[in-house]
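A quick write-up on the structure given underneath.
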Amino acid sequence: MSEPTLYELSVAGRRGGLELPRADVPETELPRELIRPDNGLPELSQLDVVRHFQRLSQKNFGVDSGFYPLGSCTMKYNPRVNEEIARLPAFAHSHPLQHPSTVQGNLALIHELQEWIREIGGFAGVSLQPAAGAHGELAGLLMMRAYHEARGESGRDQVLIPDTAHGTNPASATMAGLSVLEIPSDDRGNIDLEALRAACDETTLGLMLTNPNTLGLFEERIEEVVGLVHGCGGLVYGDGANMNALAGVARPGDLGIDVMHFNLHKTFATPHGGGGPGSGAVGASEALVDYLPGPIVEVVEESERGHRVFALGSPQASIGRMCTFLGNFGMFVRAHSYIRMHGSQGLRSNSMHAVLNANYLRVQLRDTFAVPFDRMSMHEFVCQGTVEGSDAKATDVAKRLMDHGFHPPTVYFPLIVPEALMIEPTETEPKPVLDAFIAAMRDIADEAVRDVETLRNAPQATPVSRLDEGKAARELVLCDRATSAS
Amino acid sequence: MSEPTLYELSVAGRRGGLELPRADVPETELPRELIRPDNGLPELSQLDVVRHFQRLSQKNFGVDSGFYPLGSCTMKYNPRVNEEIARLPAFAHSHPLQHPSTVQGNLALIHELQEWIREIGGFAGVSLQPAAGAHGELAGLLMMRAYHEARGESGRDQVLIPDTAHGTNPASATMAGLSVLEIPSDDRGNIDLEALRAACDETTLGLMLTNPNTLGLFEERIEEVVGLVHGCGGLVYGDGANMNALAGVARPGDLGIDVMHFNLHKTFATPHGGGGPGSGAVGASEALVDYLPGPIVEVVEESERGHRVFALGSPQASIGRMCTFLGNFGMFVRAHSYIRMHGSQGLRSNSMHAVLNANYLRVQLRDTFAVPFDRMSMHEFVCQGTVEGSDAKATDVAKRLMDHGFHPPTVYFPLIVPEALMIEPTETEPKPVLDAFIAAMRDIADEAVRDVETLRNAPQATPVSRLDEGKAARELVLCDRATSAS
Amino acid sequence: MSYVPHTPIERAEMCEAVGVSEMEELFDDVPDAVRFPDLNLPQATTELELAVEVGRLAANNTPVEKGATFLGAGTYNHFIPSTVDSVLRRGEFFTAYTPYQPELSQGMLQAMFEYQSMVCQLTDMEVSNASHYDGSTALAEAVLLALDVTKGRDKVVFSPYVHPQYRAVVRTYLRGTDAALVGCDEGRSEMDQLASALDDRTAALVIQSPNFLGHFEEVEGLAEAVHEVGGLLIVVADPISLGLFRSPGSYGADVVVADGQPLGVPPSFGGPHLGIFATRRSYVRRLPGRLVGETLDRSGRRGYVLTLSTREQHIRRARATSNICTNSGLTALAAAVYLATMGKAGLRRAAELCYQRSHYAAKRIGALEGFEVNPHAPDQPFFKEFVVQLPAPVEHVNRVLLEEHGILGGYDLGQDYAHLGQHMLVAVTEMNTRADIDRLVDALEVLRPGANG
Amino acid sequence: MSYVPHTPIERAEMCEAVGVSEMEELFDDVPDAVRFPDLNLPQATTELELAVEVGRLAANNTPVEKGATFLGAGTYNHFIPSTVDSVLRRGEFFTAYTPYQPELSQGMLQAMFEYQSMVCQLTDMEVSNASHYDGSTALAEAVLLALDVTKGRDKVVFSPYVHPQYRAVVRTYLRGTDAALVGCDEGRSEMDQLASALDDRTAALVIQSPNFLGHFEEVEGLAEAVHEVGGLLIVVADPISLGLFRSPGSYGADVVVADGQPLGVPPSFGGPHLGIFATRRSYVRRLPGRLVGETLDRSGRRGYVLTLSTREQHIRRARATSNICTNSGLTALAAAVYLATMGKAGLRRAAELCYQRSHYAAKRIGALEGFEVNPHAPDQPFFKEFVVQLPAPVEHVNRVLLEEHGILGGYDLGQDYAHLGQHMLVAVTEMNTRADIDRLVDALEVLRPGANG
Ligand SMILES: Cc1ncc(COP(=O)(O)O)c(C=O)c1O
Ligand SMILES: Cc1ncc(COP(=O)(O)O)c(C=O)c1O
């Protein structure tokens, strides 16, 4: 059943919403000329509101609803305990501009998290300012820019970006005022070393490297790649979106990465929230640590008994603030709890099982759906969503998966694999779920040959069938027409 | 899709559930002979558990899911704020056996609630001990019994119960060791006064009166009814399940009721919880107040500035405890908040709107579904779920309502109305919802004549179609067969 | 705050449809003299103000850290996994009624079926109802069941170490019968003494194990003894102990009851808790309360329904097995989520931690001068609670513990057992770390006779 | 604690299928030298222990009652109806990804569509995106939009009373451009001075109203002035004020941004908040971030999809309008539930209470000897914040307020404005009752020069 919008549910004069206290102070006259006649909001009772959003929620699919192998997104279990902890009033109701002496608990937590991420990444310092991965990329690129400028090398304005990179990489480069040079991949899914060598010169700001890359493959000649870039005076940015393959397995800093963002909402299981908020901590090597966005939390005093006093400070040559306050603290609390529960062994175990799950799916599916770069993968792998003897598209396979109760993989990305299905199971899925997914995929492959129409008409078990995206883009109905009725 | 059971999901050796701390104390040897080899529980990961119960919840219908006009149940909006308040750690984590000096907040809250319910009911005292309405009935009947015994009238062992009464009334009488005499109703839906007069004698313990009764009708000659019972030396028990018609409108104590239970989970909007826990406060008149179950909360000290000290006390001739501790405190907190927010006017407004909603439905539906006792109703009314020209049953109408997105009314109760549909909309439903329900009912009436098979095969829009209750009762599969596999 | 949604226009339209000009007219049947009283209640308030006001009320409770709580005696401080409340907060569950309409209630019905299944496993019984109010009322109904199936008998033999408040509730319920409790008032009876009280008027023998003092009872031969005279063995159990220790079913219990609060339900000042009630299949038709059974729908899909309602008040009225209607659905759901989350290994581990840490505490306290642990039964095995004979009155010790150390001490046994004056019942669970226990011991040490306390 | 579910048997089977004998072999591609480091992290812990440990950390924050909070300056203490969190806790919402697959995401998509609709109503703009990170980053992107649509211009005129940290973030973002901020560093510019800074190199004029000092700016003629030179008017708004006070759209704003935290999001030490971003329809193709549009499915049922993705990084890569990917879906959902619960009357009432109570506070404080309210602009109307010139340093006053009265005082304006040393920005909302305000005034009174303070 289609759920009416809030405005369609709204009735003029509806009561039972929320009452606020009566005025308890002598009245001050309102500045008439500044008052609006109507604020345009709908009018509903609390029960209307509760029912509406409950019904909407039932039309939404989360990790809690079922297997969600969306590649590059690390849709793992979001521990419930973290939700409780982040809601502790002492955290949730603290104000970012309180005097540091009144929020030592928050500052201690932030400091610990900075230190832990620094350790996991193998960096010299970390700032938790950025609100998401892309935001961290922008911060990192601005840091790289500032670094070169400080060394009088402002001519370095070219960012090398592999053709497998996520769209945020080139977009961030543009926002940082830089130009992009795309580097092709070789036939093992690595960066083409020759092309890279050719691209590296005195205009090179640096390379943006995703490792494992979006094919789910570890860069086999990572040392040479980093060496080439460093050799020409460039820096290496690490896109840490795929850190769920490497936490506890290898430290990006040890691999020579100069600056990198972590998606706390991937590797450290803060919930994705239907599209955020996330958190995009950046770690930096010695060379770049002074450029980190600030403020960050520092220890300003330490007693002999180990009691520490924390305060805010700014790295010496900081690029400045990336957000109004300190970043998405609510996400820090969750990531802090997550790392605290896991420890070194636990994080490594997560990575190992994530990689095991991905490879298990790969070997079980590769005979049905071609895997173009078929070598040991990391936490995800990419196959082609097409089947011999059928002209079904990757999209059709994806939509049909919904009828089997699964969320589809990421589709049509990375761009270098035609009809790509990018599959990331994560470590929190047990084998029976993977086996059910494998069975469904094989079923769909059969069906693609036998009865392609069913695929084309999929999904059918969802609240709506395939939606007309063209119509949406042409007509651009971006606000409820019923607003005008209110 | 049918959801596997926990045992079907269980896999031997499954990890990722809940880890507990390692032992931090020197080990004591376990008494081998007392140890069991296996506790028979399933083995699941947290994600398994979360998904399982999310899916189950989506197969359940609550007030939050839609209109729920289940007669005699008062399915009104359960304010979300009460859920927050009841979960305050200071309440939720206090222990019932703490010293009273350490739980003055709890005791103050309980005392206020006792006082407020006393005031709303017009009683001399209140005990919050009983866990539900039926539990309150048992308490009330035991109080009545004790009262008569104390007066040397142990011969009074007959309870008069109208034929419209809820099943808990006679069942409670039996549990209290009393015998039941059923009193018929007259043609206006009142207690038949002549029958009552004939029944009242020196064996009469008392009458159990539901007012408004389960036809949703106010007892028109309430004063005479009460007078007859009191006249023969009996007492009047009030079944307060229908108090949502009268809160703020009339006080049962003022009507002559001697003892009554309140269902906090109806009138005062504590959530029904899918079948409890509820709370069944009992109020008593002067005559019975000393027999209330204890402990109850008393003021033991009051300073000049109004500061009060609270403690537990037991009414002088108390029938004793009805439950282990003080009753369902978590429900008290919610009911306390509810009454506190509404005040006298608010409670009356609730009753008025509940009654208005019921009568609106009655007048809109009576031409389609016969209303046998068609006079101004209180908060609910009873019609017959049959239509001329169709042999559809009330059950068919009820099941078909599900396909329209509504929860059915109470069916086949009260017993004196054949094919009864007992409809209680409550005050929190807005007119558009009532209108949609009316339209659906009319639709179904049409359909009953036109296409009775569709009714008989209803529901179809639910996770399962009609279930074979006979099979369930014959086979009595009361435990998961898969347990043996574990 | 009012949650009534009506607009003035809607109200007017509805009044008109009903044929009244004011809502007041709807109440013409109510006698004038008592109609529309002005209730002496505080002025209505808003959610915002309410939260502040009730927050202040809550602040009048003395806060105690969970690790510093050593009070049990029937309500326990156990860990509650966060999965539990996340399920309980779902409106589909908590705003539903008893699942009378199964097609719209499969979620709750299946969860209750699973609850029943897990309770049967833990207790080793064949059937469990879908919950009762709490432990004591479940026990009272178990006694009524025994009286009923042994028709004509009027004696119920009780161990004195059944929870005193459970015994009180049973007494209240027995007001409706001719039966009497026997054996529990002496305050010291041992199991063999109880056995000697059994006779052909005995409907049931009721024991608690671990008992109110924390000890496992010596149950060998008990079931045989009571069965021999034709009575039932009713056992009050601790559900956490069943994760590790032998089940009542394994030693012949006919009915097992328990308070389910330890299974994921906060203490909440004593309620709502959850009554667990399990028995033999032969008594299923005498069972009180709801029962969920498996069946099929018309297309052969598995589904669940409330079954055997012919036992219940709404069908059988005066001849019902019990008057219970509303039970403890949501706390039973909590228990189901709890048990599923803890699972086989988790519940076992919780029980182990209770055992290990309580024994550590007992040893350390027993080593203090002036303190004696389990003086009445030093060799009887115990689970998570034990008795400490103190060198000072319990109330005094508890006041010092709380005011000076923030520790919530144990239960004053002198309230219930004349021979246990100055004896405290101490509960230690998986929530109390070694450091917490050491703090308790240090605090007690100062109270030893002659110390600077 | 590990959430990995694998049993040893499953792991072995899977390793075998993959062709490795140990999981370690999966990582042969990783250079030996750096593989499997031993991270210096604390030993893993359990949920039980974590809750205790983090609870202790949280206890190191000084607790402040909500009514005693008078600190705002960009993050506010507003009432959050309990409906909000009850929706946010639903796993279907909070554990979902960005709604890339619309058939499985209609819930979030419709909610975002409703959010967009309500934001457009409140701001009187034509299009809103589905959220940005926070207020400052939304502003930074608004400035980038203006620079882009006015291609070639390199000047952005800023009011000095735009939130100082917003200005800081804009500066960071402008590192990627050749543009510069103008007008905001003097620290005292009035609106007419700002207008005089406009010229044909001006991409935008940026104001905040109510501004950082709480005052409504004099906006008459501003839009005309900036439009005349071909620039855009960007307004930073307070979303609560929009319940009652005129919208930026009504006075000609081209882009409206705001921090949505006041709409049902707890302060949470500064994040996550929510960036609101609304603009004219003519700029829709230049809009950063997600956008939800209405459409139909194949059977003609209404549905919602992410639309105009051709603007976005995953399609247009280096030529995208922004790099934003993850945004603030869940806090935007909070705002949608908040606005729906408050509704037309509720938001208006919240704004009224802020106005009335802040004016009461201002009058009472202004009447104290040694305190002056809004000395720089005594007649300018204000909303919920105002400036108080103190007789002592702000830090000192705040320390006394907190330590002696449990009051969280206002923001120290001297940190950002040289001419506002010893000036405090005080925020009063619907959460501060008259009694709370009176307590603040009494506490301040003692600090007046010469008092016993
Ligand atoms: C490889 C990669 N890089 C960057 C990002 C951007 O991260 P965010 O969405 O947190 O901005 C993503 C997000 O999906 C990604 O997969
Ligand atoms: C009229 C009436 N009396 C008594 C009861 C029993 O109340 P409870 O379910 O709280 O035990 C009910 C419950 O539906 C009822 O409707």
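Keep in mind that this is a model prediction, so the values were computed, not measured. Each chain gets a letter, A, B and so on, in the order the sequences are listed, and its residues count up from 1. The figures that follow rest on heavy atoms only: side chains count, while hydrogens, waters and symmetry mates do not.
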Rounded to the nearest 0.5 Å, what separation is found between the OG atom of C/Ser82 and the CD1 atom of A/Ile85?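 Rounded to the nearest 0.5 Å, the OG-CD1 separation comes out at 8.0 Å.
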
Atom pair CZ (A/Arg80) and CG (C/Asp85), whose distance is rounded to the nearest 0.5 Å: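 Here the rounded value is 11.5 Å.
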
Part of residues 46-59 of chain A lying next to chain C, heavy-atom separation under 4.5 Å: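 Within residues 46-59 of chain A, the residues under 4.5 Å from chain C are A/Gln46, A/Gln54, A/Gln58.
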
Which of residues 14-22 of chain A have a heavy atom under 4.5 Å from any heavy atom of chain C?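 Hits under 4.5 Å: A/Arg14, A/Arg15, A/Gly16, A/Gly17, A/Leu18, A/Glu19, A/Leu20, A/Pro21, A/Arg22.
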
Check for a donor-acceptor pair, side chain of A/Ser45 on one end and backbone N or O of C/Pro5 on the other, with a separation under 3.5 Å.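 It does not hold such a pair.
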
Within 6.0 angstrom of [X] [atom1], more than 12 heavy atoms from elsewhere:
X: C/Glu16; atom1: CD; value: no
X: C/Ile9; atom1: CD1; value: no
X: C/Lys66; atom1: NZ; value: no

For C/Glu92, is it the side chain, the backbone, both, or neither that has a heavy atom closer than 4.5 Å to a heavy atom of chain A?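 For C/Glu92, backbone and side chain are both near chain A.
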
Could you tell me which portion of C/Ser2 (side chain, backbone, both or neither) has an atom closer than 4.5 angstrom to a non-hydrogen atom of chain A?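 Both parts, backbone and side chain.
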
